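Just below is one structure, and these are the notes that go with it.
Note that this is a predicted model, so its numbers are computed, not measured. Hydrogens, waters and symmetry mates are skipped; everything else that's a heavy atom, side chains included, is used. Quick note: residue numbers are just sequence positions, from 1.
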Amino acid sequence: MGPVRLEAITWERLGDLLADRLLDLKPADGGPWPRVAFDGAPAALPGDLAQRVSEALRVRGRPSLVVGTEGFLRPGSLRFEYGHQDVDAYYDGWFDTRALWREVFGPLETGGDGRVLPDLWDPATDRATRSAYVQLPPGGILLLHGPLLLRHWFPFDLSVHVLLSPGALHRRTPETEHWTLPAFARYEDEVDPAGTADVLVRADDPRHPAWNG
């Protein structure tokens, strides 16, 4: 990633500006449901930003649905097939991308019915959540958050990457999860999410984010 000019901003202002931008977002496939990625390592808290934007959209009268990929983990027997700390398995096999295509993106394609499954698998119980489908009305916006999102060719109409420097990522990741850090280094090398995303947010200091506007 080359030099990127970032401007200081508050989280509140960032949520408002992103919501305003999404009001005019048109799906690339001509359908009625814009799809937005909030990409970032768990320590970067991309889900918090997605929730903030959802609330800002609600105030503006625009429906949205926040979905986290942690609700689409594969069963433990598959995630831990090669051990509980296998970096390649985390990078390639922890998240059920087929289920995300089927239950989240498929219903929002042109001609879809807009009925989205908000989660599928509970990692705590290692059982299906049995959650009810949610009807996203035409014009409603999908806000999908999670790590490693920009390597799957999901049909996002806008992508936001919440960036942490390697040092900040190490400091803010719980020690029990440090084994995942090589996966994020690989992601940076292979995908360059900071250079690929439409919007870049730097959050090394969680009190003082910056973005590329």
How long is the span from the [atom1] atom in [X] to the [atom2] atom in [Y], to the nearest 0.5 Å?
X: Asn212; Y: Leu6; atom1: CG; atom2: CG; answer: 6.5 Å
X: Asp29; Y: Glu109; atom1: CG; atom2: CD; answer: 7.5 Å
X: Asp205; Y: Arg207; atom1: CG; atom2: CZ; answer: 4.5 Å

Measuring only between side-chain heavy atoms, which start at C-beta, is [X] closer than 4.5 Å to [Y]?
X: Pro209; Y: Arg13; value: no
X: Thr173; Y: Leu181; value: yes
X: Leu148; Y: Phe184; value: yes
X: Pro27; Y: Pro32; value: no
X: Phe38; Y: Val53; value: yes

Flag yes if Leu200 and Ile9 sit in one hydrophobic cluster, no otherwise; membership is Ile, Leu, Val, Met, Phe, Trp, Tyr, and two members link when side-chain heavy atoms are under 4.5 Å apart.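 No, no single cluster joins them.
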Same apolar cluster: Leu149 and Val199, side chain cutoff 4.5 Å: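 No, no single cluster joins them.
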Short side-chain to backbone donor-acceptor contact, Thr129 and Asp119, under 3.5 Å: yes
Has the side chain of Ser54 got a donor or acceptor atom that lies under 3.5 Å from a matching backbone atom of Val66? no
Any pair counted as ring-ring contact (aromatic ring centres under 6.0 Å, His included), so long as it reaches residues 99-138, sequence neighbours left out: Trp101-Phe105, Trp101-Phe154, Phe105-Phe154, Phe105-Phe156
Would Arg151 and Tyr91 count as a cation-pi pair here, with the cationic atom under 6.0 angstrom from the ring centre and within 45° of the axis?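 Output yes; distance and angle both within limits.
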Check residues 137-146 and write down every donor-acceptor pair under 3.5 Å in which the side-chain atom is one partner and the other belongs to a residue at least two apart or another chain.
none

Residues in side-chain contact (heavy atoms from CB on, under 4.5 Å) contact with Thr196, at least two apart in sequence or another chain: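 Here the qualifying residues are Asp192.
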Mark yes when over 12 heavy atoms from residues, nucleotides or ligands other than Glu175 sit less than 6.0 Å from its CD; otherwise mark no.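 At most 12 heavy atoms, drawn from other residues, nucleotides or ligands, come within 6.0 Å of this atom.
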Taking atom NE2 as the centre, does His170 end up with more than 12 heavy-atom neighbours from other residues, nucleotides or ligands that are less than 6.0 angstrom away?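 For His170, atom NE2 is not crowded (no more than 12 foreign heavy atoms under 6.0 Å).
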